[in-house]
Number of protein chains: 2
Amino acid sequence: MKPVPPFPDAGGLPIASVERETGLSKDTLRVWERRYGFPTPARDANGERVYAPDQVRRLAQVKRLLDRGHRPGKLLTLDDAALAALDQVQGAAPAAPADPELESWLEGVRNHDMEALQRRFYQELARRGLAAFVQDIFAPLVTRVGEAWARNELGVFEEHLFSQHMEKLLRGALANMTPTGGAPRVLLTTLSGEEHHLGLLMVEALLVTEGAEPILLGPQTPIEEIVRAAELKQADVVSLSFSSAYAPGLAAKGLGELRAALPSHRQLWAGGAGVRALRKPIEGVSLMPGLQELFDCLEAWRRQA
Amino acid sequence: MKPVPPFPDAGGLPIASVERETGLSKDTLRVWERRYGFPTPARDANGERVYAPDQVRRLAQVKRLLDRGHRPGKLLTLDDAALAALDQVQGAAPAAPADPELESWLEGVRNHDMEALQRRFYQELARRGLAAFVQDIFAPLVTRVGEAWARNELGVFEEHLFSQHMEKLLRGALANMTPTGGAPRVLLTTLSGEEHHLGLLMVEALLVTEGAEPILLGPQTPIEEIVRAAELKQADVVSLSFSSAYAPGLAAKGLGELRAALPSHRQLWAGGAGVRALRKPIEGVSLMPGLQELFDCLEAWRRQA
DNA sequence: TTTCATATTTGTCTAGGACAAACTCTTGAC
DNA sequence: GTCAAGAGTTTGTCCTAGACAAATATGAAA
């Protein structure tokens, strides 16, 4: 039994750790090495791959560019400079030219200044109201922090501390809202393997303000149990969240299976950065790449009901 | 690229889906088939494994029994009846003579009656105060639900719904408490691979009532980052939580490494059901098998300071 | 009973080969 | 110029089967 990745003692990571860190499967890592000559892991006494931290960082960078639409064949034959150039270019994404307000929030994250973040959080929340706050500040900030983490501008510690504080604050805000028992009833969860659940909380917040009834199941529910939960709770909609780290193939596979297992009168929605990578629509599944689309889905459901 | 199955044709699942649903790796699934003759997937036109839903269910059952301490060699050669029998057998129930109050809470979990749970939650919280409530009700209930889940008395759905509600309620209660900025400063997290974080919330609650200053980092922080966080936040103590599912060997190894990497003036505490399985004490690490020991550690620290 | 040494069990790693879905590029029609 | 169909290339996942070390069980000695 060799379940445990030795900790990064010797400055090298075994393949299982690299899979976890980068989200690239072991198969993919091996086939890239074979085909493109990168990465080039050393070998330990037992002939097993040991990846240098530098290469792991670069793999994470490549993964991010892949998610942005680039192709492996190109990326893996580029040198460091060209890769870094690609990373900077048009990273700002569509119509988000480095929002200075967002950057000032990010500064707080960098300095672990949680008190300041908390103060601004409540200020903005009071000023804008929950729904607008989630859409205009919270969601972009979470995305930005994720990007900054992927670019190695933030450490794991800063990212964890930020996530915990955001969760605490958002849950605190939600605790004050009386559940309305409205419609539709929406079951919120993620598939196994997807741990990120801040997206679920954001959707919960928006649903509550819209008078719908969210049922929060938390992350990582097996498909069979999602179906059972939907029946038992008589949910009108099942809504899943996918982070950008979730393999698009797996997401499509899981959504197809769930759609097949779920009675057709229960709708299936999928949101999060991870669905942006799904090129083709899936029969019977509503995709919500951004939070805005949630309102469209909601309205469509209500018109139909 | 073969990420998406055409369709879950006749109700059979490809190996990647079985991995996702059961938590058993593809490698493990293949090697079990080779060694023990189970599972016995059919093959599609392309020679790839297609698992019958029955077998997937059974694999999930086997996984649960594995986590309870049984060994694969035994489990995989048993027939259905023997397996079901094992599942029913009560795993000892050591020194816990079925507290009737606890069982009545559990009944609420079984029936998904979250409203009733919530009502009782606030009642008991008001009556006992936060610290006593966490120790006398909350912690035993979480333990009991975990056991019930392992015995298949509860489904994944019920367990998830319960966890989410408990987290919401406890965080709600904590939100009302003003952080004191007291001493010691305690960094709360788990090692990679340990996802359970309700334990961290319970410790946070007790620390707040005791006038200490918890810093919640959330689950799964790499050792290197724990060390960095302790430095940056000037934490007096690092406290880790281990659930009973965490492999004792891994826990001992991780604690040893963290102790070595952490400056000696920062204490290291470890709590949760998982530390009960640690045979020998670890140099420089305070073990807290139950919540009671937390107070001992706290008092010891204060006497020393 | 406890402790140590030996034996068995078990999960993960290895190597290349294979294949279909996804993507790119070319060609042809309107 | 735009669109559609076909041909070619790229790419991730699956396959087999052997190897090994950590975890666990077993048996012998104190």
Side-chain angles (χ1 to χ4, degrees), chain A residues 1-7 12-20 22-36 38 41-51 59 62-63 66-67 69-77 246-253 256 277-282, chain B residues 1-7 13-20 22-36 38 41-51 59 62-63 66-67 69-77 193 246-253 277 279-280:
Chain A
M1 206 179 315
K2 201 187 313 176
V4 194
F7 278 102
L13 272 63
I15 194 168
S17 300
V18 178
E19 175 179 43
R20 284 194 43 173
T22 63
L24 298 163
S25 77
K26 291 170 202 160
D27 273 328
T28 299
L29 289 167
R30 284 193 277 251
V31 87
W32 280 5
E33 182 182 340
R34 207 197 309 165
R35 286 191 187 140
Y36 311 113
F38 183 87
R43 299 298 178 124
D44 67 7
N46 192 28
E48 297 179 359
R49 291 171 175 80
V50 179
Y51 293 83
L59 284 167
V62 167
K63 174 61 158 51
L66 266 187
D67 292 343
H70 291 93
R71 304 213 68 191
K74 311 271 181 190
L75 295 175
L76 289 166
T77 54
Y246 204 78
L250 286 186
K253 201 184 284 202
L278 296 179
R279 312 265 159 139
K280 298 200 170 177
I282 302 170
Chain B
M1 206 180 315
K2 198 188 317 179
V4 188
F7 264 118
L13 271 61
I15 195 168
S17 300
V18 179
E19 174 180 46
R20 177 166 45 66
T22 63
L24 298 163
S25 78
K26 290 170 201 162
D27 275 328
T28 299
L29 289 167
R30 285 192 277 252
V31 87
W32 279 5
E33 182 183 340
R34 208 197 307 168
R35 285 190 187 141
Y36 311 113
F38 183 88
R43 299 298 177 122
D44 67 6
N46 191 29
E48 297 180 358
R49 292 171 174 80
V50 178
Y51 293 82
L59 285 168
V62 167
K63 175 63 156 52
L66 268 186
D67 290 343
H70 294 276
R71 306 216 62 193
K74 311 272 181 189
L75 294 176
L76 290 166
T77 53
Y246 204 79
L250 282 190
K253 188 179 174 197
R279 307 186 179 185
K280 299 192 172 179

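Within every chain, numbering begins at 1; the chains are lettered A, B, ... in the order of the sequence lines, protein sequences first and strands thereafter. Keep in mind it's a predicted model, so treat the numbers as computed, not measured.
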What bend angle does the helix from C/dT1-D/dA30 to C/dC30-D/dG1 show across its length, from five-pair end axes and to the nearest 10 degrees? 30°

Does a nitrogen or oxygen in the side chain of [X] sit under 4.0 Å from OP1 or OP2 of [N]?
| X | N | answer |
| --- | --- | --- |
| A/R34 | D/dT11 | no |
| A/R49 | C/dA15 | yes |
| A/K26 | C/dT12 | no |
| B/Y36 | C/dT10 | yes |
| B/T28 | C/dT10 | no |

Could you state the [atom1]-[atom2] distance from [X] to [N], rounded to the nearest angstrom?
| X | N | atom1 | atom2 | result |
| --- | --- | --- | --- | --- |
| B/L29 | C/dG11 | CG | C1' | 12 Å |
| A/D44 | D/dA19 | CG | P | 18 Å |
| A/R43 | C/dC13 | CZ | P | 12 Å |
| A/L76 | D/dT11 | CG | P | 8 Å |
| A/H70 | C/dC23 | NE2 | P | 15 Å |
| B/W32 | C/dT10 | CH2 | C1' | 10 Å |
| B/E48 | C/dC19 | CD | P | 11 Å |
| A/L59 | D/dG12 | CG | P | 12 Å |

Under the rule for side-chain contact (heavy atoms from CB on, under 4.5 Å), what residues qualify as partners of A/R20, not counting sequence neighbours? B/S192, B/Q220

Checking A/T77 now: which residues fulfil side-chain contact (heavy atoms from CB on, under 4.5 Å) with it, not counting sequence neighbours? none

With nearest nucleotides of DNA chain C determined for A/K74 and B/R35 from heavy-atom distances, which residue corresponds to the more 5′ nucleotide? B/R35

Between A/G69 and A/E33, which is nearer to the 5' end of DNA chain C once each is assigned its nearest nucleotide? A/E33

Shortest non-hydrogen contact between A/Y51 and A/P14, atoms and distance: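 Heavy atoms only, the tightest pair is CD1-C, 4.3 Å.
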
Can you name the nearest heavy-atom pair linking B/S25 to B/E19, along with the distance?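 Taking every non-hydrogen atom into account, CA-OE2, 3.6 Å.
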
How long is the straight-line distance from [atom2] of [Y] back to [atom1] of [X], given to the nearest 0.5 Å?
| X | Y | atom1 | atom2 | answer |
| --- | --- | --- | --- | --- |
| A/K63 | A/L75 | NZ | CG | 12.0 Å |
| B/L66 | B/L76 | CG | CG | 7.5 Å |
| B/R49 | B/R43 | CZ | CZ | 4.0 Å |

Out of D/dT24, C/dC23, D/dG12, which nucleotide sits closest to the side chain of A/R71?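 My answer, after comparing the listed nucleotides, is C/dC23.
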
Shortest side-chain distance from B/S25, nucleotide among C/dT12, C/dC23, D/dG12: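 Looking only at heavy atoms from C-beta outward on B/S25, the closest nucleotide is C/dT12.
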
Can you say whether a donor on the side chain of B/R30 sits under 3.5 Å from an acceptor on the base of C/dG11, or the other way round?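 No.
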
B/N46 side chain to B/E48 main-chain N or O, any donor-acceptor pair under 3.5 Å? no

